[in-house]
Amino acid sequence: MEKEGGVTVPPPVRQISHDCSVYEEPETPDIDQDVEKNLEQNGGDMELSRTVSGPPYSIFSPRAKMFIIISVSISSLISPFGATTFYPALNVIARELDVTPTLINLSLTTYMIAQAIAPSILAGMSDASGRRVTFLICFVIYIVANIGLALQTNYVALLILRMVQAAGCSAAIALTNAVVADVATSAERGRYMGYATAGLLFGPAFGPTIGGVLAQFLGWRSIFWFLAIFTACLLVIFLFFFPETCRSVVGNGSIPARGINQSVLGYLQQRRHAHSADPMHDDQSFVLRKKQKFSFPNPLLTLKILGEKESCLILLYNGFFFTGMMVVVASVPELFQEVYDLNELEIGLCYISLGMGSFVSALTMGHVVDWNFRRHARRLGLVIRKGKQQNLDDFPIEVVRFQVVLPGHVVGTLAIIVYGWTIKFGTHIAGPEVALFFVGFGVSTAFNLTNTLLIDIQKDKPATATAAVNLVRCLMSAGGAAAIIPMCHAMNPGWAFTFIALLYAVYIVLVFWIMRKGQQWRAAAVEKKKVKEAQAAAAESEEDLEMQSSTDKSENEKEAEPKKG
């Protein structure tokens with residue numbers, strides 16, 4: 001506590017607005033009344049200074065936020081649905097197109113590669129031009145590709161259209177995480193990120209079930225008609241109701257969207273805010289910028305994130321852990337058919353336990369990590385203001401996230417070992433099914449929370465950061481999915497999955513390293529960025545001076561010409 005002119009003032013609480021401008025607020029809201037009372041007692045000798053708080057992080061109401069999060073969560077289903085509804089029908093499609101199962105499996109690999117590259121192109125566009133327009137473009141591409149897949153009759157068309165399908169759906173994942181970063185502060189981001197990524201993690205579990213039912217009763221082409229209709233419904237909902245959330249376009253939502261970026265919900269939210277909010281709490285930080293123009297996608301921005309030490313390590317950890325789930329998903333059809341003699345529909349139903357594990361993780365672990373955030377904030381004396389973003393420069397955000405990741409890491413690792421050996425010894429089918437539940441829970445926990453951490457670090461470009469996640473995880477998953485069955489045949493399933501688990505055990509060292517050094521790396525990166533910005537500003541100032549000097553010289557020469565005459 002400090003004393004100023006006989007008035008006891010509590011220490012200021014550091015806060016930060018979304019554009020990183022730091023301001024201070026007193027710990028108690030009634031401090032102004034205390035100061036005024038003391039002023040009267042001291043005869044008005046003391047100067048009264050009032051502190052104006054920054055704008056709210058987002059003007060969207062809790063109900064509007066939940067609509068936004070649920071919408072993007074459902075939209076993220078199209079990516080895993082596109083990949084996994086295809087699984088139960090692989091053998092049927094191979095017979096109809098008269099190709100080997102190996103060639104059909106190649107379509108899975110090309111799908112994952114296209115899914116890795118496409119977000120690098122589209123996500124950067126969304127960071128500059130808005131989320132809505134990028135969502136709508138992705139949906140249209142995906143619908144067209146699925147209609148083509150339902151109608152195609154040869155293998156080459158299948159390969160090409162699967163790549164187009166992957167390009168249309170993969171960016172939805174990057175946009176999902178970016179939208180969470182747009183509307184949720186770091187203190188509440190764990191919960192919202194869990195809800196938003198539930199679709200991504202739910203899809204691999206229930207996609208094969210849906211695909212198996214459709215292939216069994218309506219034929220394999222019905223799978224692609226289902227995906228086209230599902231995405232068309234999303235297109236209508238997003239076109240009319242989904243609001244623009246990109247902070248470079250609408251700030252915290254208080255800046256009116258224009259053209260295609262405007263929606264019914266966005267318009268109603270801005271109108272309600274205009275009638276009820278103090279203008280001082282509007283986010284006008286972007287108004288002085290130039291009019292938004294279409295930004296040509298630059299995939300090199302994604303590679304730039306891979307060049308940053310902490311982000312690169314998080315991406316490698318995240319991608320490798322997600323690969324474990326995709327390796328398990330890819331192994332189920334062949335291993336369960338060999339060991340338990342199941343048909344396509346029964347194999348599809350076996351994925352439900354994996355999905356339930358992911359679902360439980362999404363609903364619970366986000367709340368746990370938000371609780372852990374509040375616990376560390378109390379320990380450091382940081383007051384969390386609802387709707388205001390905290391300054392994370394001196395906050396151990398890596399420790400907060402990874403303390404919850406560690407239990408998920410251990411559970412996922414042990415579950416993968418159990419899954420491999422129950423398959424090897426042909427136990428009752430309940431054995432691998434229970435293991436699948438804990439694989440889903442453990443891997444989903446680690447994947448979700450490292451995604452959240454990356455968004456915390458790359459707060460200015462969340463879509464590009466998530467595109468980097470997509471690039472790494474899809475390329476790793478493509479290799480893992482292609483290798484797992486040959487590994488099982490060469491080593492037996494028990495040792496094949498034990499080998500993967502041993503790699504996970506080595507990767508836990510990465511967790512402790514990031515927890516220990518992450519904050520230091522962030523500080524160094526911020527300092528490096530400030531130096532670059534200062535150098536750029538100095539160069540620009542020098543260039544302006546040179547131009548001014550050149551202009552003055554030119555004007556002096558023009559004035560001197562008549563005198564010579």
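Here, residue 1 is the first one in the sequence, and each next residue gets the next number.
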Any side-chain heavy-atom pair of [X] and [Y] under 4.5 Å:
X    : Y    : value
F60  : T245 : yes
V339 : I429 : no
V399 : M515 : yes
Y57  : V183 : no
F135 : F242 : yes
P432 : Y340 : yes
W220 : F86  : no
I500 : I417 : no

Output all residues satisfying salt bridge (Lys or Arg N to Asp or Glu O under 4.0 Å) with E346, sequence neighbours left out; order by chain, then residue number. none
Contact summary for [X] and [Y], nearest pair of heavy atoms:
X    : Y    : result
N492 : G494 : OD1-N, 2.9 Å
M163 : A114 : O-CB, 3.7 Å
V439 : V328 : CG1-CG2, 4.4 Å
S353 : E433 : OG-OE1, 2.9 Å
A435 : V418 : CB-CG1, 3.9 Å
G168 : I141 : CA-CG2, 3.7 Å

Output yes when E308 and R522 qualify as a salt bridge under the 4.0 Å nitrogen-oxygen rule, no when they do not. no
Show the numbers, then the answer: is there a side-chain contact (heavy atoms from CB on, under 4.5 Å) between S358 and M325? CA-CA 10 Å; S358 299; M325 177 181 280; 3.6 Å; yes
Ring-ring centroid check F320 Y504, cutoff 6.0 Å: yes
Any chance you could measure [X], atom [atom1], to [Y], atom [atom2], to the nearest 0.5 Å?
X    : Y    : atom1 : atom2 : result
I70  : K65  : CD1   : NZ    : 14.0 Å
N318 : R473 : CG    : CZ    : 8.5 Å
F321 : L316 : CZ    : CG    : 14.0 Å
I74  : I69  : CD1   : CD1   : 12.0 Å
T452 : I397 : OG1   : CD1   : 9.0 Å
I514 : E310 : CD1   : CD    : 6.5 Å

Do the side chain of [X] and the main chain of [Y] share a donor and acceptor less than 3.5 angstrom apart?
X    : Y    : value
R379 : R374 : no
Y142 : I78  : yes
T110 : L159 : no

[atom1] of [X]: more than 12 outside heavy atoms within 6.0 angstrom?
X    : atom1 : value
R63  : CZ    : no
F438 : CZ    : no
N154 : CG    : yes

Looking at residues at least two apart in the chain, or sitting in another chain, which of them share a ring-ring contact (aromatic ring centres under 6.0 Å, His included) with W421? F425, W495
Checking Y419 now: which residues fulfil ring-ring contact (aromatic ring centres under 6.0 Å, His included) with it, not counting sequence neighbours? F497
Can you tell me how the ring of Y195 sits relative to the ring of Y192, calling it parallel under 30°, perpendicular over 60° and tilted otherwise? perpendicular
Do Y317 and H409 get their side chains close enough for a donor-acceptor pair, meaning under 3.5 Å? yes
Between S444 and S361, is there a side-chain donor-acceptor contact under 3.5 Å, judged purely by atom types and distance? no
Could you tabulate the donor-acceptor pairs under 3.5 Å formed by side-chain atoms of residues 223-238, not counting sequence neighbours?
unit_1 : atom_1 : unit_2 : atom_2 : d
T231   : OG1    : L227   : O      : 2.7

Residue pair M365, N448: steps toward the side-chain contact (heavy atoms from CB on, under 4.5 Å) verdict: CA-CA 9 Å; M365 300 311 290; N448 278 344; over 6 Å; no
Please enumerate all residues that pass side chain to side chain contact (heavy atoms under 4.5 Å, CB included) together with R95, with sequence neighbours excluded. N91, V92
Apply side-chain contact (heavy atoms from CB on, under 4.5 Å) to residues C488 and L335 and explain how you reach the verdict. CA-CA 9 Å; C488 288; L335 295 181; 4.1 Å; yes
Quick one: do F81 and S76 satisfy side-chain contact (heavy atoms from CB on, under 4.5 Å)? Show the steps, please. CA-CA 9 Å; F81 271 4; S76 69; over 6 Å; no
Run the side-chain donor-acceptor check on residues 400-407: report pairs under 3.5 Å with partners two or more places apart or on a different chain.
unit_1 : atom_1 : unit_2 : atom_2 : d
R401   : NE     : D456   : OD2    : 2.9
R401   : NH2    : S186   : O      : 3.2
R401   : NH2    : D456   : OD2    : 2.7
Q403   : OE1    : N372   : ND2    : 3.1
Q403   : OE1    : R375   : NH2    : 3.1
Q403   : OE1    : H376   : NE2    : 3.0

